[in-house]
Amino acid sequence: VQLQASGGGLVQAGGSLRLSCAASVRTFSRYAMGWFRQAPGNEREFVAVISGSGTNTHYADSVKGRFTISRDNIKNTVYLQMNSLKPEDTAVYYCACSWALSQSATDMNYWGKGTLVTVSS
């Protein structure tokens with residue numbers, strides 16, 4: 001499984017970005033997909049996760065109401081729509097997949113390379 005994240009960049013506080021993560025796997029819909037982020041000097045933290053069917057989603061409290069995770073099982077892609085961005089959202093964002101729906105980084109089976117999101121104040 002290969003995951004390729006894209007869509008990061010520099011945005012002003014209050015702005016929006018949409019991250020994408022394309023997966024090269026035949027059984028994409030069997031995997032739960034998650035987004036995690038890591039700011040300099042911090043541990044990697046959970047952001048959002050979506051079940052294989054897209055029915056179930058979970059968010060970190062810090063992004064709830066501002067971020068939306070979604071997926072397109074035809075395009076083998078998961079998205080993270082980020083609105084009302086704050087400087088504290090600045091981090092490298094990683095997509096990951098797992099067999100089971102989980103918010104724990106240790107449960108992820110595969111990881112993509114990150115994409116940097118920088119939010120200026």
Side-chain angles (χ1 to χ4, degrees):
V1 177
Q2 292 186 335
L3 304 174
Q4 181 64 54
S6 62
L10 174 64
V11 63
Q12 289 187 334
S16 299
L17 279 176
R18 188 176 82 155
L19 305 183
S20 300
C21 177
S24 61
V25 60
R26 291 184 178 179
T27 56
F28 180 70
S29 63
R30 295 185 183 179
Y31 287 93
M33 299 296 298
W35 286 98
F36 294 77
R37 67 186 182 186
Q38 188 167 17
N42 290 358
E43 294 185 352
R44 192 168 297 188
E45 64 175 6
F46 166 75
V47 175
V49 66
I50 187 168
S51 62
S53 65
T55 302
N56 296 317
T57 58
H58 299 284
Y59 297 91
D61 288 343
S62 59
V63 307
K64 203 170 293 184
R66 300 187 299 121
F67 290 11
T68 302
I69 189 170
S70 62
R71 65 190 296 159
D72 184 332
N73 286 347
I74 300 299
K75 295 182 178 180
N76 281 15
T77 302
V78 63
Y79 305 97
L80 185 69
Q81 178 66 43
M82 306 185 295
N83 298 329
S84 302
L85 283 160
K86 305 174 181 180
E88 50 264 44
D89 294 318
T90 295
V92 176
Y93 283 71
Y94 298 89
C95 62
C97 64
S98 63
W99 289 110
L101 188 64
S102 174
Q103 300 178 27
S104 174
T106 58
D107 289 336
M108 298 297 116
N109 299 106
Y110 301 97
W111 291 87
K113 294 182 179 180
T115 183
L116 176 63
V117 173
T118 304
V119 184
S120 63
S121 57

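- Within 6.0 Å of CD on Gln4 lie no more than 12 heavy atoms contributed by other residues, nucleotides or ligands.
- Residues Trp111 and Leu3 have side chains not in contact (no heavy-atom distance under 4.5 Å, counting atoms from C-beta outward).
- Looking only at atom types and distance, the side chain of Tyr79 has no donor-acceptor partner in the side chain of Arg18 under 3.5 Å away.
- In this structure, Thr115 contributes its side chain and Gly8 its backbone to a donor-acceptor pair below 3.5 Å.
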* Asked: Going through the distances and angles, do Val1 and Cys97 end up as a side chain to side chain contact (heavy atoms under 4.5 Å, CB included)?
  -> CA-CA 9 Å; Val1 177; Cys97 64; 4.1 Å; yes

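- To the nearest 0.5 Å, atom CZ of residue Phe28 and atom NZ of residue Lys75 are 12.0 Å apart.
- Geometrically, Arg66 does not engage Tyr59 in a cation-pi contact defined by less than 6.0 Å to the ring centre and at most 45° from the axis.
- The CE atom of Met108 sits 11.0 Å away from the SG atom of Cys95 when rounded to the nearest 0.5 Å.
- Side-chain atoms of Val47 and Leu80, non-hydrogen and from C-beta on, do get closer than 4.5 Å to each other.
- Connection of Leu17 to Trp35 is established within a shared hydrophobic cluster, with ILVMFWY side chains joined at heavy-atom distances below 4.5 Å, either directly or through further cluster members.
- Taking 4.0 Å as the cut-off between side-chain N and carboxylate O, Asp89 and Lys86 do not count as a salt-bridged pair.
- Side-chain contact between Met82 and Val117 is present, with heavy atoms from C-beta onward closer than 4.5 Å.
- Side chain of Asn56 to main chain of Ile50: no donor-acceptor pair is present (N/O by atom type, distance under 3.5 Å, no hydrogens or angles).
- A side-chain donor from one of Thr55 and Ser53 sits under 3.5 Å from a side-chain acceptor of the other.
- Between Val49 and Leu101 the shortest side-chain heavy-atom distance falls below 4.5 Å.
- Between Ser51 and His58, the closest side-chain pair of non-hydrogen atoms is not below 4.5 Å.
- Geometrically, Arg44 engages Tyr94 in a cation-pi contact, judged by NZ or CZ lying under 6.0 Å from the ring centre and within 45° of the ring axis.
- Rounded to the nearest 0.5 angstrom, Ser120 OG and Gln12 CD are separated by 5.0 Å.
- Taking every heavy atom of both residues into account, Ser121 and Ala13 meet most closely at CA-CB, 4.3 Å.
- Counting only heavy atoms from C-beta outward, the side chains of Gln81 and Ser16 approach each other to under 4.5 Å.
- Linking Ile, Leu, Val, Met, Phe, Trp and Tyr residues whenever their side-chain heavy atoms come within less than 4.5 Å places Tyr110 and Met33 in a single cluster.
- Taken together through direct or relayed side-chain contacts under 4.5 Å among Ile, Leu, Val, Met, Phe, Trp and Tyr, Val92 and Phe46 form part of one hydrophobic cluster.
- The two residues Ser62 and Arg37 come nearest to each other via the heavy atoms OG-NH2, 3.4 Å.
- In this structure a side-chain-to-backbone donor-acceptor pair under 3.5 Å is missing from Thr90 to Glu88.
- Considering all non-hydrogen atoms of both residues, Asn76 and Val25 come closest at ND2-O, 2.8 Å.
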* Residues Asp107, Ser98; criterion side-chain hydrogen bond (donor to acceptor under 3.5 Å, both in side chains); working and verdict -> CA-CA 7 Å; Asp107 289 336; Ser98 63; over 6 Å; no

* To do: Determine, stepwise, if the pair Phe36 / Tyr93 fulfils side chain to side chain contact (heavy atoms under 4.5 Å, CB included).
  => CA-CA 6 Å; Phe36 294 77; Tyr93 283 71; over 6 Å; no

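- A 4.5 Å side-chain heavy-atom check between Thr118 and Val11 finds every atom pair outside the cut-off.
- Counting only heavy atoms from C-beta outward, the side chains of Val78 and Ile69 approach each other to under 4.5 Å.
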* To do: Could you walk me through whether Ser102 and Ser104 pass side-chain hydrogen bond (donor to acceptor under 3.5 Å, both in side chains), step by step?
  => CA-CA 6 Å; Ser102 174; Ser104 174; 4.8 Å; no

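- In terms of modelled atom types and a separation under 3.5 Å, the side chain of Ser24 and the main chain of Gln2 share a donor-acceptor contact.
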